[in-house]
Number of protein chains: 2
Amino acid sequence: MKLSKETIKNLLAEKGLRITPQRMNILEAIYTLNNHPTAENIIEFIHEMHPNIATGTVYKVLETFVENKLIKKVKTDRDFMRYDGLLEKHHHLYCSESDTIKDYVDDELDNILKDYFRKNHLSGFQIEDVTLQIRGTFDK
Amino acid sequence: MKLSKETIKNLLAEKGLRITPQRMNILEAIYTLNNHPTAENIIEFIHEMHPNIATGTVYKVLETFVENKLIKKVKTDRDFMRYDGLLEKHHHLYCSESDTIKDYVDDELDNILKDYFRKNHLSGFQIEDVTLQIRGTFDK
DNA sequence: GTATGTGCAAACTTTTTGCACTTCG
DNA sequence: CGAAGTGCAAAAAGTTTGCACATAC
């Protein structure tokens, strides 16, 4: 999921965010790394080409991106944050034996869930979004 | 979901864990607090009656409980861990406006999911468990 | 030019660790 | 008694913050 500089610029511009080299690099890193990187993964990746980008900046930029819905935080039960650049609706496969998280996209599943929650209204709760955590192991 | 001292002892004994006052207090706290407490919530609760229990001990005991499947870690996109004492299969309602997480139990939903994954085999992945993250807002 | 973003280093928060001491069984 | 658990305080790990400087528009 490698994006061109132009596409990345447009993504930022659409959200009314200033286009800075740091933001472009960080967004590019997330799309290139693409397997739900941690802040550290992103920093490491960027430092190979741009060693002068600051840790604090990366965290600030990531927060900005989350607020502007360019990326999402991924829920985990580990003590560090992971980020997700896939904007399309999707679910996650969590590996029990490693830190791998893979995306799972399927319209049929989404329709089944939509149907279920249309029929079974949760009283006192307005649903915004439903995603599955599918825990298991990848075949060796 | 308040449990008797006897029940708590049995839970520990069944897992072959030594019964200590600290472990009993921590397990009791989780069941009493019951809304997916953080380590801090648990420490605070326990300190009211037993001010001499150490923070490090609480973390060590929580890890032991997770390893022995007495409790589970709850996946969140926040930077602190939350714990769940409900052993029955269930899903989670995450509030977008607060840190509230509520349980959602429904057999019909579980059957629908079981059906779906029986029909749609994920190649290269052995499913152990599927849980829903239902994000939204509670009515005021 | 000015509002916004960045670098840096210090601080903060949450969790982990090592080791002497204590306790459960 | 011996293995396992606890307290404590120090440190690690991850993230946030404040402020002077730099840059996008």
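By convention in this document, chain letters (A, B, ...) are assigned in the order of the sequence lines, proteins followed by strands, and residues within each chain are numbered from 1.
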**Asked** In whole angstrom, what separates B:I53's CD1 from D:dG5's C1'?
**Response** 11 Å
**Asked** Could you give the CG-to-P distance, from B:D77 to D:dG14, as a whole number of Å?
**Response** 18 Å
**Request:** Could you tell me which non-hydrogen atom of A:L70 sits nearest to which non-hydrogen atom of A:L87, and how far apart they are?
**Result:** O-CD2, 3.3 Å
**Between P of C:dT16 and CZ of A:R78, the distance in whole Å** = 9 Å
**Message:** Using five base pairs at each end to define the local axes, how bent is the helix from C:dG1-D:dC25 to C:dG25-D:dC1, to the nearest 10°?
**Reply:** 40°
**Complete:** Residue pair B:M81/A:V61 against DNA chain C: nearer the 5' end by closest nucleotide is A:V61
**Prompt:** Roughly how far, to the nearest 0.5 Å, is the OG1 atom of B:T64 from the NZ atom of B:K15?
**Reply:** 13.0 Å
**Prompt:** Is there a donor on the side chain of A:K60 or the base of D:dG18 sitting less than 3.5 Å from an acceptor on the other?
**Reply:** yes
**Request:** Would you check if there is a donor-acceptor pair between the side chains of A:H91 and A:D110 at a distance under 3.5 Å?
**Result:** yes
**Message:** Applying a 4.0 Å non-hydrogen cut-off, can you work out what A:T57 is touching in the nucleic acid: base, sugar-phosphate, or nothing?
**Reply:** base
**Ion pair check, B:E63 and B:K73, cut-off under 4.0 Å** = yes
**Request:** Name the residue closer to the 5' end of DNA chain D, choosing between B:G16 and B:D79 according to the nucleotide with the nearest heavy atom.
**Result:** B:G16
**Prompt:** Say you draw a straight line from CZ of B:R135 to OH of B:Y94; how long is it, rounded to the nearest 0.5 Å?
**Reply:** 11.5 Å
**Atom-pair distance (CG on A:L17; C1' on C:dT6), nearest Å** = 15 Å
**Complete:** Atom CD of A:E67 and atom P of D:dT16 are separated, to the nearest Å, by 11 Å
**Request:** Locate the shortest heavy-atom distance separating A:I26 from A:L62; write the atom from each residue and the value.
**Result:** CG2-CD2, 4.0 Å
**Request:** Round to the nearest Å and state the distance from A:K73 atom NZ to D:dG14 atom C1'.
**Result:** 12 Å
**Request:** Check the distance between C:dT22's P and B:N52's CG and give it to me in whole angstrom.
**Result:** 14 Å
**Asked** Rounding to a whole Å, what distance do you find between B:I26:CD1 and C:dT15:P?
**Response** 14 Å
**Prompt:** When we call it a touch if two heavy atoms are under 4.0 Å apart, what does B:Y59 touch: a base, just sugar-phosphate, or nothing?
**Reply:** base
**B:D84 with B:K72: basic N within carboxylate O range, under 4.0 Å** = no
**Item:** 5'-most by nearest nucleotide on DNA chain C - A:T64 or A:T55
**Value:** A:T64
**Request:** From the options C:dG5, D:dG14, C:dT14, select the nucleotide whose nearest atom is closest to the side chain of A:F80.
**Result:** D:dG14
**Message:** Run the side chain to side chain contact (heavy atoms under 4.5 Å, CB included) test on B:V105 and B:E88 for me, step by step, so that the C-alpha distance in whole Å, both residues' side-chain angles and the decisive distance to 0.1 Å come before the verdict.
**Reply:** CA-CA 8 Å; B:V105 181; B:E88 183 183 11; 3.5 Å; yes
**Candidate nucleotides D:dG7, C:dC24, C:dA3, ranked by approach to the side chain of B:T20 - the nearest** = C:dC24
**Asked** Taking only side-chain nitrogens and oxygens of B:Q22, does any of them come within less than 4.0 Å of OP1 or OP2 of C:dT23?
**Response** no
**Message:** Nearest to the side chain of A:R23, heavy atoms from C-beta on, is which of D:dG14, D:dA3, C:dT6?
**Reply:** C:dT6
